[in-house]
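This is a predicted model, so every value here is computed, not measured. Within every chain, numbering begins at 1; the chains are lettered A, B, ... in the order of the sequence lines, protein sequences first and strands thereafter.
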Number of protein chains: 4
Amino acid sequence: MAPRTREQFQKMREKSQGKILKSALELFSQKGFHQTSIDAIAKYAEISKGLIYNYFDSKEEILLDIVTDGFKLIKELENFVPTSLTPKQKFDTLLTVTFNSIKENSEFWKMFFHLLSQPDVITKLSSEVDKMYSSLFKMLELHLSELGVEDVENQAKLLGAMIDGVAIHYYLNQEHYPIDLMKDKVIQLYCGEEK
Amino acid sequence: MAPRTREQFQKMREKSQGKILKSALELFSQKGFHQTSIDAIAKYAEISKGLIYNYFDSKEEILLDIVTDGFKLIKELENFVPTSLTPKQKFDTLLTVTFNSIKENSEFWKMFFHLLSQPDVITKLSSEVDKMYSSLFKMLELHLSELGVEDVENQAKLLGAMIDGVAIHYYLNQEHYPIDLMKDKVIQLYCGEEK
Amino acid sequence: MAPRTREQFQKMREKSQGKILKSALELFSQKGFHQTSIDAIAKYAEISKGLIYNYFDSKEEILLDIVTDGFKLIKELENFVPTSLTPKQKFDTLLTVTFNSIKENSEFWKMFFHLLSQPDVITKLSSEVDKMYSSLFKMLELHLSELGVEDVENQAKLLGAMIDGVAIHYYLNQEHYPIDLMKDKVIQLYCGEEK
Amino acid sequence: MAPRTREQFQKMREKSQGKILKSALELFSQKGFHQTSIDAIAKYAEISKGLIYNYFDSKEEILLDIVTDGFKLIKELENFVPTSLTPKQKFDTLLTVTFNSIKENSEFWKMFFHLLSQPDVITKLSSEVDKMYSSLFKMLELHLSELGVEDVENQAKLLGAMIDGVAIHYYLNQEHYPIDLMKDKVIQLYCGEEK
DNA sequence: TATGAATGAGGGTTCATTCAT
DNA sequence: CATGAATGAACCCTCATTCAT
C-alpha cells in the first residue's frame, strides 16, 4: 500500500507531541519535575514510554520545550494592552491580563514557580529566566513611570514581587483565594483610591 | 531550627542528630528534597548512612523535623516586637525582624518556598502550613489595623504576598537584590512617606 | 559480498537490498553487530526502517546474508591460483590473493574476526565456519604438501594461524602495519630464502 | 552492638568485589561485553544488581579493572624466564610460559581478543594496548636477536602474529586444537630442527 | 551508638520489531 | 515497494531502606 503522506505523518506527530507536552505540563505542575516519571507521562498521555523518545531527546528536553513555549506566551501578554488608552487604563489592563494569565495558565505558572526554587534543573534556562524577568521589570517601570510614580526602578521591583507573591498564594489555595480582589488592591495602590 | 541559645546550638551541632538536621537543611535548600540523597546527607554530616535511621524513621521524617523546628522559629518572630512601641514603630520592627529572618535563615526559607510548590511532599504538613499562614495573617491584620488601614483582611493578604514575593526574588538573586530597600518601600506604603 | 561483475555490483547497490547489506556491513565492521542499530543501518542506507523488514526477517538475518556472501567470496579465492604454475609460484599466488583480500575486503574480514570471538551471534553459522575453515586448511595442506613440507597437517594449522594473526594485527593498525612485508616473510618461511 | 571492624569490612569488600570481577570476566569472555548485562553479572555472582555499583562506577569500569589486572599479569610473564639459560632455552621457556597463559587464562584472553575488534569499547584502553603490544614486540625482538635471527623487527611481528593467531584458533576449538604441538612448531621454526 | 555492605524497586533511555497507510 | 509512528522489553544506573555486627 502507499505509505502515509507527509501531511498524515505531520498530523500524527503533532497529535502525539501535543499529548506529551500537555501531560508533562500537568504532571510537572502537580508533582514537580523530578517527581514525575517518564512512565507517568506516558501513561497519562496514553502512549508508550518509548514514543516519548521519538519526540524528545530526554525528560529535560520536554521541560525546556514547555518552558520555551511558556515564555513566548508571557512575552505576548503586553500586546494585549492597547496603546491608545490612558496610563491608568493601560496599567489596569496590564494587571488584568497578567492576573488572567495566572488564573488561566495556572499549570504553567505553578510549574514555573516550582522550577524557580530548583535552580539545578534549569541551569540551561537561567539566562532566559533572567532575560524574561528583566524585560518584565522594564515593562512595569514604563507603566509606573507613565503613572507618575517616583523611584520607578524599585517600585517596579516591589510591584513584581507583589504579583509573584499573589500568584504563589493563589496557587496555595486556588479555590478560596480572592485573587481578583488582590488585583484591585494593587491597582488602587498605584492608581489612587477608586478602581 | 528553633531559636536556641548559642551554647545549645553549639552542643547540638556536635551531636549526630543536630549534624543530620543541619546537613539535611543545607542540602535540601540547595538541591531540593528529592534531589538530596540520604547518602549525601550522611557524607555531609560526616556520619554513616545507617546512623540516620537511628534518629529518623525516614527521609521524610527529617524534613518534617526541620519544618516543625522552622515553624517554631517563625512563631517566635513576633516576640521580638516590643509591645511598648507606637504602631508605626512596631510595624517597622516587625518588618525588620521578618526581613532579617529572610536574610539570616535563608536556607530554611529557600527550602520552605520550594516545598510550597511541591504539595505532595508536605501533605502531612499542609494543615500546619495553613495554621501558620493564618496566624501570620492575623498578626499582620492586627498591625495594619493599629495603623488605621482599611479593609484590613485583604490588605494583610496583599502585604503577605509582598513579603513572600520579595523573599522569593531575593533568593533568585541573593547577591544583588536590594532587599533592605524593598523593606523600606513596604513600610513607606503603609506608614506614609518617611521611613 | 560475493564477487560480482562491476555492473552487477553497481545495480545492486542502487537497489534497496544491496544498500542495506552494504550499509550493514560497513557499520557492523566499524561498531560491531550489537552496537549497530537497525535505525543506524536505515539512515546510512538512506531508506526507511520498515523497508529493511521487507527484505530481511531480522537484524540477525542481515548478518547471516552478509556472512554467507562473504564465505562464497572466500571459497572463490583459490580459483585465482592458476593450476599451471609451479608449487612455489602457486603458493606465492595463493598468499598474494589471500593478503589482497585481507586488504580489499577489510570490512568483511574485520567483522568476521569480531564475530569469531562472539560465539553466541554465530551459533547458527558455526557449522559453516567449521566447514570453511577445514576446507581452507585442506587447501593449505595441499599447497604445503606440494612444496615438500613435512607434517603437513600441523604446518597448515600454523600457517593458517599466521595468516589470521597477521590479518588481525593489520586491522589493529591498518595504516602502518607492513602487511606486504609480512606476506614475504611467510613465503620465505615455506619457500626458502629468496622471494 | 559494636560495628564491624575495619578488617571485617575489608574482607567483605574483597569477597564481593572478587565475585563481581570473576563473574564479569567469565560472562564477558563468553558473550562479549555489550551482550553481558549488569543483571546477568549480579545473578552469576549471586549478589544484587545494586551492590555492583558499590564497587564500580559503571559497567565499563568493571571492564577497565579486569583489563588492567590482566595487563599486569601479562607484563609479569617474562619474569618467569630465568636469565641464566641459553638463548634457545630462554625462547623455549618464553613460549611455554606464553602458551600456558593462553591455556590457563583463557577467559581473559578470549575477552581480550574480542575487545580488540570492538575499538569503541576500549577507546580508553587503546593507548595501553599499544604500549603493551610494543613492549611485547620489543621482548620478542630481543629473544630473536639472541637467537641470531635476521630482520628482527619484522620477524618479531610475524612471531607475534603467529602467537595471536594460534591463540584465536585455540579458542575456536579449545577441546581439539593441538596448541602444544603448535608451540613446538613455532620453536622449531626459530630454533632449528629438533625441539 | 555506630558502621557500611547489601537489597530491590523504580527511574531514564534504547532499540528490534510491528503495523496502518 | 515504502514510510515512520508506535510499542514494550530490556538495559544501565540510583537510592531509600535494612541488617549483621
Side-chain angles (χ1 to χ4, degrees), chain A residues 1-6 8-17 34-42 46-62, chain B residues 15-17 34-43 47-62, chain C residues 15-17 34-43 47-62, chain D residues 1-6 8-13 15-17 34-42 46-60 62:
Chain A
M1 265 164 281
R4 286 188 180 83
T5 64
R6 203 175 291 272
Q8 280 175 308
F9 279 131
Q10 184 65 20
K11 260 186 196 156
M12 288 171 81
R13 286 188 70 80
E14 273 163 18
K15 196 178 162 198
S16 290
Q17 196 160 353
H34 284 106
Q35 282 50 67
T36 301
S37 70
I38 288 284
D39 204 54
I41 297 172
E46 295 179 305
I47 56 167
S48 72
K49 218 176 0 172
L51 186 58
I52 291 178
Y53 289 89
N54 271 13
Y55 297 103
F56 302 94
D57 285 344
S58 67
K59 191 179 157 189
E60 208 169 68
E61 208 71 31
I62 301 176
Chain B
K15 295 232 174 109
S16 296
Q17 191 168 5
H34 285 102
Q35 281 52 65
T36 301
S37 69
I38 288 283
D39 205 56
I41 297 171
K43 284 215 171 77
I47 56 163
S48 74
K49 221 176 354 180
L51 190 55
I52 292 179
Y53 287 88
N54 276 8
Y55 294 104
F56 302 94
D57 286 344
S58 69
K59 192 179 153 188
E60 210 169 65
E61 208 71 32
I62 302 175
Chain C
K15 295 233 175 110
S16 295
Q17 190 167 8
H34 285 102
Q35 281 51 66
T36 301
S37 69
I38 287 283
D39 206 55
I41 296 171
K43 284 214 171 76
I47 57 164
S48 74
K49 219 175 357 178
L51 188 56
I52 290 179
Y53 287 87
N54 275 9
Y55 294 104
F56 302 95
D57 286 345
S58 69
K59 192 179 154 189
E60 210 170 65
E61 209 70 34
I62 301 175
Chain D
M1 266 164 279
R4 286 189 181 83
T5 65
R6 204 175 290 274
Q8 280 174 309
F9 278 131
Q10 184 64 19
K11 259 187 198 157
M12 288 172 81
R13 288 187 70 79
K15 195 177 162 198
S16 290
Q17 196 161 351
H34 284 106
Q35 281 50 67
T36 301
S37 70
I38 288 284
D39 205 55
I41 297 172
E46 294 179 305
I47 56 167
S48 72
K49 218 178 357 177
L51 186 58
I52 291 178
Y53 291 90
N54 271 13
Y55 297 102
F56 302 94
D57 285 344
S58 68
K59 191 180 156 188
E60 209 170 66
I62 303 176

Whole-Å gap separating [atom2] ([N]) and [atom1] ([X]):
| X | N | atom1 | atom2 | answer |
| --- | --- | --- | --- | --- |
| C/Gln35 | F/dC12 | CD | P | 11 Å |
| A/Glu14 | F/dA5 | CD | C1' | 14 Å |
| A/Asp57 | E/dT14 | CG | C1' | 12 Å |
| A/Glu61 | E/dG12 | CD | C1' | 14 Å |
| D/Met12 | E/dT7 | CE | C1' | 12 Å |
| C/Ile41 | E/dT17 | CD1 | C1' | 13 Å |
| A/Ile52 | E/dT14 | CD1 | C1' | 14 Å |
| D/Phe56 | F/dT14 | CZ | C1' | 18 Å |

I need the B/Phe56 CZ to B/Ile41 CD1 distance, nearest 0.5 Å.
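So the gap between those two atoms works out to 9.0 Å.
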
From F/dC1, E/dA5, E/dA20, nucleotide with atom closest to A/Arg4 side chain:
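My answer, after comparing the listed nucleotides, is E/dA20.
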
N/O contacts under 3.5 Å, protein versus nucleotides 8-11 of chain E?
| residue | atom | partner | partner atom | Å |
| --- | --- | --- | --- | --- |
| E/dG10 | O6 | D/Lys49 | NZ | 3.2 |

Minimum heavy-atom separation for B/Tyr53 to B/Ser58, with atom names?
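Scanning both residues completely, I find the closest heavy atoms to be CE2-CA, 4.1 Å.
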
Regarding D/Tyr55, tell me which of base, sugar-phosphate or nothing describes its non-hydrogen contacts under 4.0 Å with the strands shown.
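Sugar-phosphate, backbone atoms only, no base.
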
Identify whether any heavy atom of B/Ser58 sits under 4.0 Å from a base atom; if not, whether one sits that close to sugar-phosphate; answer base, sugar-phosphate or nothing.
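Sugar-phosphate contact only.
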
Only stems of 3 or more consecutive Watson-Crick or G-U pairs count here, both distances under 3.5 Å; name the ones for DNA chain F, or none.
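In DNA chain F, stems of three or more pairs: E:2-21 with F:2-21.
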
So, OP1 or OP2 of E/dA2: does either fall under 4.0 Å of a side-chain N or O from B/Ser16?
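For E/dA2, OP1 or OP2 has a side-chain N or O of B/Ser16 closer than 4.0 Å.
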
On DNA chain E, does the nearest nucleotide to D/Asn54 precede the nearest nucleotide to B/Ile47 from the 5' side, or the other way round? Give the residue.
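By nearest-heavy-atom nucleotide position, the 5'-most residue is B/Ile47.
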
With sequence neighbours left out, what residues match A/Asn54 under side chain to side chain donor-acceptor pair (under 3.5 Å)?
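Partners of A/Asn54 under the side chain to side chain donor-acceptor pair (under 3.5 Å) test: none.
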
Name the residue closer to the 5' end of DNA chain F, choosing between A/Arg6 and D/Tyr53 according to the nucleotide with the nearest heavy atom.
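The 5'-side residue here is A/Arg6.
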
Strictly distance-based, threshold 3.5 Å: is any side-chain N or O of A/Glu14 a donor or acceptor partner for the main-chain N or O of A/Lys11?
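Judged by distance alone, no pair lies under 3.5 Å.
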
